[in-house]
A.B. asks: 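The structure follows.
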Amino acid sequence: MQIFKNLIPYWKSVIAILALLIVQAYCDLALPGYTSNLIDTGIQNHGIEYCSPYVMPEKAYDVVGGFIENEEDKSIWEKYYVKGEDGCYHMTDEGKENIAKLDEVCAVPLMMYYYPYKMAESDENNEINDMLEGSGMNLDDLPYEAWMMMGDSIRPVISGIEDKMGDSFLKSAAISCTVLCYDSISYDYNSIQKDYLIIAGLKMLALTLLMVVTAVLVGLLASKVAAGVGCNLREQIFTKVIGFSDSEINKFSTASLITRSTNDVQQIQMVTVMLLRMIAYAPIMAVGGILKVVKTGAGMGFIIVIAVAAILILIGTLMLIGLPGFKKMQLLVDKVNLVSREILTGIPVIRAFGREKHEEERFDEANKDLTKTTLFVNRLMTFMMPSLMFIMYGVSILIEWVAAHRIEQGVLQVGAMTAFITYTMQIIMSFLMLSMMSIMLPRAGVAADRIKEVLETDSNISDSRDAKELTDVKGIVEYKEVSFKYPDSDEYVLKDISFVAKPGTTTAIIGSTGCGKSTLVQLIPRFYDVTDGSITIDGTDIRNLTMDSIRRNIGYVPQKGILFSGTIESNIKFGAPDATKEQMELAAQIAHADEFILDKEDGYDSTIAQGGTNVSGGQKQRLAIARAIARNPKIYVFDDSFSALDYKTDVAVRKALGENMADSTVFIVAQRVSTILHADQILVIDDGMVVGKGTHKELMKTCDVYSQIAQSQLSESEIANSMKEV
């Protein structure tokens, strides 16, 4: 159902595909009928489709007319034939137009006249030969009256054939009599056979070409629809994931989200093509084949029931066993992606600690688990094909065995048997196509559920219905009794924190590792929402503001300087694509990034590799700082973004920032006391609580935690100098 829902935007193409499939199925189902006609009519009946002769001798005309007992039928017989100059009777043009009606009138009488000729030609002892031997005459010498008398004995024989053999055999027998008629007057019916075979062959060729064209068009449209479905799903997943908060990202894991947006979508895309080309075609062929089988009148429908039941039981059994394996396989793909991603991103650390062998074993374990499950599923599904082929060929043998007896009894013709076998194979092939899809559908079903899980997951953080735009920003940020705990966690990370950060001031946050410093500033751009209390910007609760307008006015520099593949210029302009060249260069100067940028051959056009792997940690941080500055926001958040800078550069960057951000509200999370010495207000966090608030000088006197941190990082002389400077 998930896959079908994806097709709704492409309903026009789907309808076009279904229409083309119906045309293709019509052509496919028509060909066996033509093959049957080629055998029965084109070969066995010499291309003669109707038993009413176009030309017949005068005596045959009189006798056949005499055998017609119904006066209305006799008037039709006399109406549609006219005597020619050659002494023979010729069918009129009106008769040719109504030849099917004429066949109903003359089929039995025609056989009554020519059937004795067929019996007389045989070497067997029969009543006709005995009668002729006794009279010393042949059939051509018998007068009209003798024929009429003989008709009384012939009619029950013909009626017995009609009752026992059926209409198709009776028609074939009547046509064989027509051939005797043509032979008696040397009528060239070979041209009729040749014309019939050529016309039938051309029709079959035309149907085949039409089938090829429709198949190509179906493939083209199905591929376009599937590509569109894949594109839409990737876009939906990406858009959804972009809106996720960190809690949703952590819930799914990055590796799983990558798998869902690539491998899972690919499974859906592949199955969509097969769905439109095979699954939609299979029921059309199956229903059409069953109708054609019924039309043949072969009386072997029970064989199809047996075949279909055997196929359904086989497929159902295999799917019941294989479905859990498909679900497990997708989870193992996630695990392989996770291990691969960790190893590839952590290669330097792995090499440094000599853990190559351990990581190889870890990957090998994940890989072998996936391999074992994949082999189990594939072996199970591989068993399906030979089993289905066994059923198919077994059904063919059964049909031929039953048909042979019916042909021997005269109730079935060879062409009809051929058509029945072909239609039966088409029906079985329809189920075979469905069974082939059953290999892919369970995996696609699992993939669809995984995609659905992502798309139906709502972010914990979203705009409220009446959210307002943040305009005319001054930059006053206030924390009011803020407490926070992560989703699904019972312990608070931050507890009862209150303070105000005003424009033109710097608020620094320091504390031990894991005390909640980064979490505190990540609440401002709403990476997480507060659990209790509130955060306001210019007096408005940020939960009542749109996230876009909040983040548009914040210059955020994360702990890890994340860069994107591109150039230095594209990375600095990442948050301000409309920034001028002068603004970009000024941002780089303030961040002291121009020092190494200008040393590069291409300057600002120098290439940045994925993740910024071709620049050092310090250079990466300075580019991240420049990126935030280029945006020229009212609020800056530096989340421990000076840690990779040497002391000299750290001082220079902070000095430049102070000179160029006089009207902005600045938050600095730091590990080093030297980084925050000149902050207007310093918050000391310990175990999620503010244990000290004030300037450096005030905290050295009033806060033991801050004093201990300072003493662990600075010498006594540096502490003394810092007290004087502050």
Side-chain angles (χ1 to χ4, degrees), residues 348-349 352-353 479 482-484 486 491-499 501 505-524 556-561 591-592 616-622 624-625 636-658 666-726:
V349 178
F353 284 90
Y479 281 63
V482 169
S483 296
F484 171 77
Y486 288 106
E491 297 183 3
Y492 279 89
V493 178
L494 300 173
K495 306 168 190 173
D496 197 25
I497 296 177
S498 300
F499 68 91
T505 64
T506 298
T507 299
I509 303 163
I510 195 170
S512 59
T513 302
C515 66
K517 303 185 298 296
S518 295
T519 304
L520 183 64
V521 293
Q522 287 174 355
L523 296 174
I524 302 173
Y556 179 72
V557 185
Q559 281 181 318
K560 185 179 179 181
H592 281 256
S616 68
Q619 291 172 344
K620 198 183 296 185
Q621 278 196 340
R622 280 183 279 177
I625 293 169
Y636 286 91
V637 177
F638 297 98
D639 187 3
D640 201 13
S641 50
F642 302 98
S643 57
L645 304 182
D646 59 83
Y647 182 75
K648 180 181 177 182
T649 305
D650 184 2
V651 173
V653 171
R654 284 189 287 105
K655 182 179 179 182
L657 289 173
V666 180
F667 291 87
I668 297 178
V669 174
Q671 297 280 0
R672 297 189 304 207
V673 173
S674 58
T675 303
I676 61 172
L677 284 174
H678 301 281
D680 298 289
Q681 111 175 296
I682 301 173
L683 303 179
V684 184
I685 307 295
D686 186 40
D687 195 22
M689 301 177 65
V690 176
V691 295
K693 180 166 63 175
T695 62
H696 170 72
K697 188 174 182 179
E698 292 170 349
L699 291 172
M700 286 298 294
K701 296 177 180 178
T702 60
C703 182
D704 290 338
V705 175
Y706 183 80
S707 177
Q708 290 173 10
I709 294 172
Q711 289 173 5
S712 66
Q713 296 180 9
L714 305 174
S715 64
E716 292 183 5
S717 59
E718 287 175 328
I719 292 175
N721 291 332
S722 67
M723 295 294 285
K724 294 177 182 178
E725 291 175 5
V726 174

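What you see is a predicted model; the values in this text were computed from it and never measured.
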A.B. asks: Arg622 side chain to Ala591 main-chain N or O, any donor-acceptor pair under 3.5 Å?
C.D. replies: no

A.B. asks: Under a 3.5 Å distance rule, please check whether Thr702 uses its side chain to pair with a backbone N or O of Glu698 as donor and acceptor.
C.D. replies: yes

A.B. asks: Can you tell me if Lys517 uses its side chain to pair, donor with acceptor, with the backbone of Gln671 under 3.5 Å?
C.D. replies: no

A.B. asks: When you compare the side chain of Leu657 with that of Thr506, does any pair of heavy atoms fall below 4.5 Å?
C.D. replies: no

A.B. asks: Enter the distance from Lys701:NZ to His696:NE2 here, rounded to the nearest 0.5 Å.
C.D. replies: 10.5 Å

A.B. asks: Could you give the distance from CD1 (Ile509) to NZ (Lys693), rounded to the nearest 0.5 Å?
C.D. replies: 12.0 Å

A.B. asks: Quick check: closest heavy atoms across Leu699 and Gly694, and the distance to 0.1 Å?
C.D. replies: CD1-O, 3.6 Å

A.B. asks: Test your reading of the model: is there a side-chain donor-acceptor pair from Thr507 to the backbone of Gln681, 3.5 Å cut-off?
C.D. replies: no

A.B. asks: Is there side-chain contact between Tyr486 and Thr519, with heavy atoms separated by less than 4.5 Å?
C.D. replies: yes

A.B. asks: About how many Å separate CZ of Phe638 and CZ of Phe667, when rounded to the nearest 0.5 Å?
C.D. replies: 12.0 Å

A.B. asks: Once rounded to the nearest 0.5 Å, what's the spacing between atom CD1 of Ile682 and atom CD1 of Ile676?
C.D. replies: 4.0 Å

A.B. asks: Going by side chain to side chain contact (heavy atoms under 4.5 Å, CB included), name the residues that satisfy it together with Ser715, two or more places apart in sequence or in a different chain.
C.D. replies: Ser717, Glu718

A.B. asks: Flag the pair Val673 / Tyr706 as yes when at least one side-chain heavy-atom distance between them is below 4.5 Å, and no otherwise.
C.D. replies: yes

A.B. asks: Would you say that Val637 contacts Gln522 through its side chain, given a criterion of any heavy-atom pair below 4.5 Å between the two side chains?
C.D. replies: no

A.B. asks: Only counting residues at least two apart or in another chain, list the ones meeting ring-ring contact (aromatic ring centres under 6.0 Å, His included) with Phe499.
C.D. replies: Tyr479

A.B. asks: Hey, what do you get for CD1 (Ile709) to CG (Asp686), rounding to the nearest 0.5 Å?
C.D. replies: 8.0 Å

A.B. asks: With a 4.5 Å limit on heavy-atom distance, are the side chains of Asp496 and Met689 in contact?
C.D. replies: no

A.B. asks: Which atom names give the shortest non-hydrogen contact between Gly692 and Cys703, and what distance separates them?
C.D. replies: CA-SG, 4.1 Å

A.B. asks: Drop me the distance from Cys515's SG to Ile685's CD1, to the nearest 0.5 angstrom.
C.D. replies: 6.0 Å

